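Report on the structure given below.
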Protein chains: 2
Amino acid sequence: MISVDTSERLIETTRDLLWERGYVGTSPKAIQQRSGIGQGSMYHHFDGKPDLALAAITRTAEELRAQAEAELTGPGTAVERVAAYLRREREVLRGCPVGRLTQDPDVMADPTLRGPVQETFAWIRSRITDVLNEGRERGEVDAVLDPVATAATVVAVLQGGYVLARAAGSVEPFTQAIDGVLGLLTPRA
Amino acid sequence: MISVDTSERLIETTRDLLWERGYVGTSPKAIQQRSGIGQGSMYHHFDGKPDLALAAITRTAEELRAQAEAELTGPGTAVERVAAYLRREREVLRGCPVGRLTQDPDVMADPTLRGPVQETFAWIRSRITDVLNEGRERGEVDAVLDPVATAATVVAVLQGGYVLARAAGSVEPFTQAIDGVLGLLTPRA
DNA sequence: GTCTATAAATAGATAGAC
DNA sequence: GTCTATCTATTTATAGAC
């Protein structure tokens, strides 16, 4: 049994706290207490809160992208792959760990922290645009639809679905929003 | 020239700060400094931060609802009224002043503060469902679509559009997401 | 590498004078 | 109603011993 590396534990704890409380709402002290790692260790491994947050945000963004890539590259028609992405199992009531950072003033004000957030959303919109374009060529998606706009809609429904679910305290509106956009995407006679 | 009432100014300043920085990121001191009102006055008029925040959130929720009601009650087909609502002029990069509160852990943890947020989203989803149902009866909306799910999608696109815009630092993806969902809603031959 | 001590600034009030 | 003083806890570290 090798004990988990200290830096590693700090990063994972920070990821959790950023997800739960955001950057503004997460103090170094809270990270130390939840991780069980002392002040001295934390400041030995990281320069401070922004440095640790950058490590956490970067990892969260990478995981999110890898997961999305897997679903969008899978088998099936364009609409089926988008559906696989949207319907993947999620911790809906916790919200999106990357999307929530867009509401964090101190993250958005710092170009370094903001970078991964910006890139993640630029990437996913572009990736879904590609899927829709393929689908259009294959006749799986109505040719009247603009792939760029439709891709933005798909990503927005996901992000907005989280908002509705948290407001309601229930997964239901999230599921409805996803069902709704897939209903709209499905080609009709 | 009658000077603006002190409570009034405190509420308006708090509304601004909640919009900009959220509840967790807004201190009583910041409210006092921005409003130019002293500590003693603030605590004379309000019990404390939660009390003042409740007044601010309640007013923001009421305004948002009144605005939406006006657009959704206007003339035109169901899709036109939904378009009027979605395309209303907005300060997109500031985000939604109610939706952003769903990311605030201390707001969501307090039933009193959370109430107006929950009610606002329940109301708007229900109101748009009604519009879509009317549209369906009049043949303005494809009968194959589920009005409840489609209404959730419409609201989610708006909320998610804000997220995309803030992530990108640009209104463009917001506009694309709105255009995308209206494209999907428009009846096709 | 980790621990404890120290510290300036802020958060969120309360108390009492005016 | 408004102002200043005071107060406890937290925030975000730095310094130096071990």
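These numbers come from a predicted model, not from an experiment. So you know, we letter chains A, B, ... as the sequences are listed, proteins then strands, and number each from 1.
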Could you tell me whether the phosphate oxygens of C/dG1, OP1 or OP2, come under 4.0 Å of any side-chain nitrogen or oxygen in A/Thr6?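 No, A/Thr6 has no side-chain N/O under 4.0 Å of OP1/OP2 on C/dG1.
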Residue pair A/Glu71 / A/Gln67, side-chain donor-acceptor N/O under 3.5 Å: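 Note: A/Glu71 and A/Gln67 side chains meet the donor-acceptor criterion.
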Would you say the side chains of B/Thr13 and B/Arg34 form a donor-acceptor pair under 3.5 Å?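 The criterion, which ignores hydrogens and geometry beyond distance, is not satisfied for B/Arg34 and B/Thr13.
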Counting side-chain heavy atoms from C-beta on, which of D/dT2, C/dT2, C/dA13 comes nearest to A/His45? C/dT2
From [atom1] of [X] over to [atom2] of [N], roughly how many Å is that when rounded to an integer?
X	N	atom1	atom2	value
A/His44	C/dC3	NE2	P	12 Å
A/Arg21	D/dT11	CZ	P	9 Å
B/Tyr43	C/dG16	OH	P	17 Å
B/Met42	C/dG12	CE	C1'	8 Å
B/Leu17	C/dT10	CG	C1'	15 Å
A/Phe46	D/dA13	CZ	P	14 Å
A/Leu10	C/dG1	CG	C1'	12 Å
A/Asp5	C/dG1	CG	C1'	12 Å

Using the rule that Ile, Leu, Val, Met, Phe, Trp and Tyr join whenever any side-chain heavy atoms are under 4.5 Å apart, tell me whether A/Tyr162 and A/Leu182 fall into a single cluster.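 Linked within one cluster.
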Is the NZ or CZ atom of A/Arg87 positioned over A/Phe174's six-membered ring, under 6.0 angstrom from the centre and within 45° of the axis? no
For DNA chain D, which residues of residues 27-36 of chain A approach it to below 4.0 angstrom with any heavy atom? A/Ser27, A/Pro28, A/Lys29
Is there a donor-acceptor pair under 3.5 Å between the side chain of B/Arg90 and the backbone N or O of B/Cys96?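 The answer is no, because no donor-acceptor pair under 3.5 Å joins these two groups.
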Rounded distance (nearest 0.5 Å) linking atom CD of B/Gln33 with atom CD of B/Gln39: 10.0 Å
By nearest-heavy-atom nucleotide on DNA chain D, the more 5' of A/Gly40 and B/Ser41 is B/Ser41
Nearest-nucleotide comparison on DNA chain D, the residue closer to the 5′ end among A/Gln39 and B/Gly38: B/Gly38
Over all heavy atoms of both residues, which pair between B/Thr129 and B/Ala151 is shortest? Give the atoms and the distance, please.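 Closest approach of B/Thr129 to B/Ala151, heavy atoms only: OG1-CB, 3.2 Å.
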